[in-house]
Amino acid sequence: MNLLKDITIGQYVPGESTIHRLDPRVKIALSAVLMVLIFVVESYIGFAIIFGFLLLVTLLSGIQFRYVIRGLKPILFLVLITVVFNLFFAKGTLVVPQKIYGISLPITWEGLATAVRMAIRLILLVFSTSLLTLSTSPIQLTDAMENLLAPFKKIGIPAHELAMMMTIALRFIPVLIEETDKIFKAQRSRGARFGRGGIIEKAKSLLPILVPLFVHAFKHAEDLAAAMESRCYRGGEGRTRLRQLKITALDGWAFLFCGIIFSFVAWWNFYGKL
Amino acid sequence: MKEDNNLKKLIQIALLASVGAVLMLFQLPYPGAGWYKLDLSDIPALIGGCALGPWAGLAVVLLKNILFALFRFSPEELVGIPMNLIANGIMVVIAALIYQKTKTRINAALGISTGVIVSALSMIPANYFILPLFMKIFMPNVPVPGGETLLYMILFFTLPFNAVKGLITGILTFVIYKRIAIILRAEGEFELPAKQSEQASKA
């Protein structure tokens, strides 16, 4: 068993497309609006427009569809549960009014409609969020987070420190996964057994992995602190950046384009009854 | 978070959050109810709380959840993540506050167990309010179970789950903390608590 194979970390697909070049702050803001919109929209026309929009964005970003579909896999179970529950618990007119062998199927048209709508909603939700993480690197997202949080420094939110910790944590996740894998193999070669017995047994068998993992983590922290201190790191005050976030004309167009589409969907949902 | 300005502490928090995110990736569905996920990711936060103080512990909880959301977002996490913030946050703060007073082994056990118990109990009201909200959003057709039924559901499903998870987390944290404290102390990583350093200097 190879731990590294089973775990895909981060979904970012590097690229140079229009979508990749958008400012991460703009992408986050637009995604947030879109998520709210997906929850608000009731009409199928609205869903169709949003779906078309997301397809267009996917095409523009040059990201292969299999990545998007892979992102949908983990929610299949949730979609299934919501569909089943919505299907069987609605009141209204029955789809099959006749009784078959004396049992009537408790599925109503109303239930069917909600179930379909919910499934679409969940899929669109994950589609839109995975597009964001597929086309924006975690580091860009962190930079954007620092930038967006900066105004809240006055009320005591340490934006720079949080972003710095995020960046460090992101940097060390692959390292720690690799080390976990190594520790796992090392302990197995010494005869350790994992994943047997009850929950408590299983948890106990993880101790020989967890202890070295934490020791490693603290060692990395020690080394990194020494490295940063020796390079005179002294917090966010007056710090310059290699990559600066800049709003370009492209971002303006994206805002305009999404603004038109989103407001049309919202308008259609509330006024344009179909 | 004013007292966290020291660089090493920030980095330790980041690394612990990183360990937490890694552990969150190895989650197991809880037998019986698939959407409850058993994982060990509360351990780094609890260790962070004990070693570095309640604010640091809370920072680990927050960062770990953001990291996880970046990597594995699914709509059920709209509930899962706030729940973990509350549960793990309460656990960490209580354990840290008790343990920070006097750093003895008994106090560690006391702090961790109080934290685990209060956190499991706090999940009863949290679920009572958030579960109906979740159902209204995702399952608008299903009648939201009334007060008493909902309470029974929580008492028979959610409470045992949180108790099991808390128990595993608590025990493992206690054992791990003791071991890594010994190792890190030997390398001058942690300051010895007053009593023990006296004993150490006598010996």
Side-chain angles (χ1 to χ4, degrees), chain A residues 3 7 9-11 39 74-75 77-78 81-82 85-87 89-91 110-111 114-115 118 122 125-126 129-130 133 138 141 156 158 161-162 164-173 176-177 180 199-200 203-204 206-207 210-211 213-215 217-218 220-222 224-225 228-229 233 235, chain B residues 1-2 4-5 7-23 25-26 28 31 34-35 38 40 43-44 47 51 59 62-64 66-67 70-76 78 135 137-143 164 167-169 171-172 175-177 179-180 183-184 187 189:
Chain A
L3 289 180
I7 282 173
I9 243 271
Q11 307 166 298
F39 268 113
I75 66 151
F77 179 66
L78 182 73
I81 287 183
T82 13
F85 271 96
N86 282 312
L87 211 53
F89 283 91
K91 291 189 179 72
E110 285 80 357
T114 333
M118 270 306 146
L122 287 175
L125 202 64
V126 174
T129 47
S130 50
T133 46
L141 287 174
E161 280 77 8
L162 274 178
M164 202 231 350
M165 288 192 287
M166 275 283 289
T167 316
I168 293 173
L170 281 169
R171 168 68 187 79
F172 277 98
I173 285 179
L176 288 175
I177 288 183
T180 315
I199 284 183
I200 302 286
K204 246 171 137 183
L206 288 173
L207 262 185
L210 290 174
V211 173
L213 184 62
F214 277 105
V215 174
F218 276 106
H220 283 306
E222 177 95 330
L224 185 63
M228 283 173 80
E229 259 159 16
Y233 171 85
Chain B
M1 242 188 267
K2 272 276 176 300
D4 286 351
N5 269 334
L7 176 64
K8 193 160 148 195
K9 208 167 170 182
L10 288 182
I11 297 174
Q12 283 172 336
I13 293 169
L15 261 303
L16 284 171
S18 197
V19 174
V22 171
L23 291 177
L25 294 173
F26 301 95
L28 297 170
W35 57 89
L38 267 183
L40 300 171
I43 296 175
I47 288 182
L62 181 69
L63 284 173
K64 157 195 109 173
I66 297 176
L67 287 172
L70 277 183
F71 291 134
R72 289 274 163 93
F73 179 80
S74 83
E76 64 202 274
L78 287 178
M135 289 182 70
I137 294 173
F138 288 106
M139 306 172 184
N141 285 338
V142 186
V164 168
L167 195 71
I168 294 174
T169 308
I171 292 173
L172 281 178
V175 179
I176 293 170
Y177 188 75
R179 295 197 191 169
I180 62 167
I183 296 168
L184 296 173
E187 290 167 8
E189 176 76 73

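Every value quoted in this text rests on a predicted model; they were computed, and no experiment measured them. In what follows, chains carry the letters A, B, and so on, assigned in the order in which the sequence lines appear, proteins first and then strands, with residues in each chain numbered from 1.
Neither the backbone nor the side chain of Ile171(B) comes within contact range of chain A, judged by heavy atoms closer than 4.5 Å. Heavy-atom distances place both the backbone and the side chain of Thr82(A) under 4.5 Å from chain B. Residue contact with chain B, scored on non-hydrogen atoms closer than 4.5 Å, involves the side chain of Met118(A) exclusively.
Annotation: maximal heavy-atom pairing with chain B below 4.5 Å, among Leu210(A), Ile168(A), Leu213(A), occurs at Leu210(A). Comparing Ile66(B), Leu67(B), Leu23(B), Leu167(B) by how many heavy-atom pairs each has under 4.5 Å with chain A, the most go to Leu67(B).
Counting heavy atoms from C-beta on, the side chains of Ile47(B) and Ile180(B) come closer than 4.5 Å.
Summarising the geometry of Ala59(B) relative to Ile13(B), their closest heavy-atom pair is CB-CG2, 3.8 Å, with the distance given to 0.1 Å. Contact detail for Ala14(B) and Met165(A): the closest heavy-atom pair is CB-O, 3.4 Å. Residues Pro138(A) and Leu170(A) approach most closely at CB-CD1, 3.6 Å, considering heavy atoms.
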Evaluation steps, side-chain contact (heavy atoms from CB on, under 4.5 Å), between Thr133(A) and Leu141(A): CA-CA 8 Å; Thr133(A) 46; Leu141(A) 287 174; 4.3 Å; yes

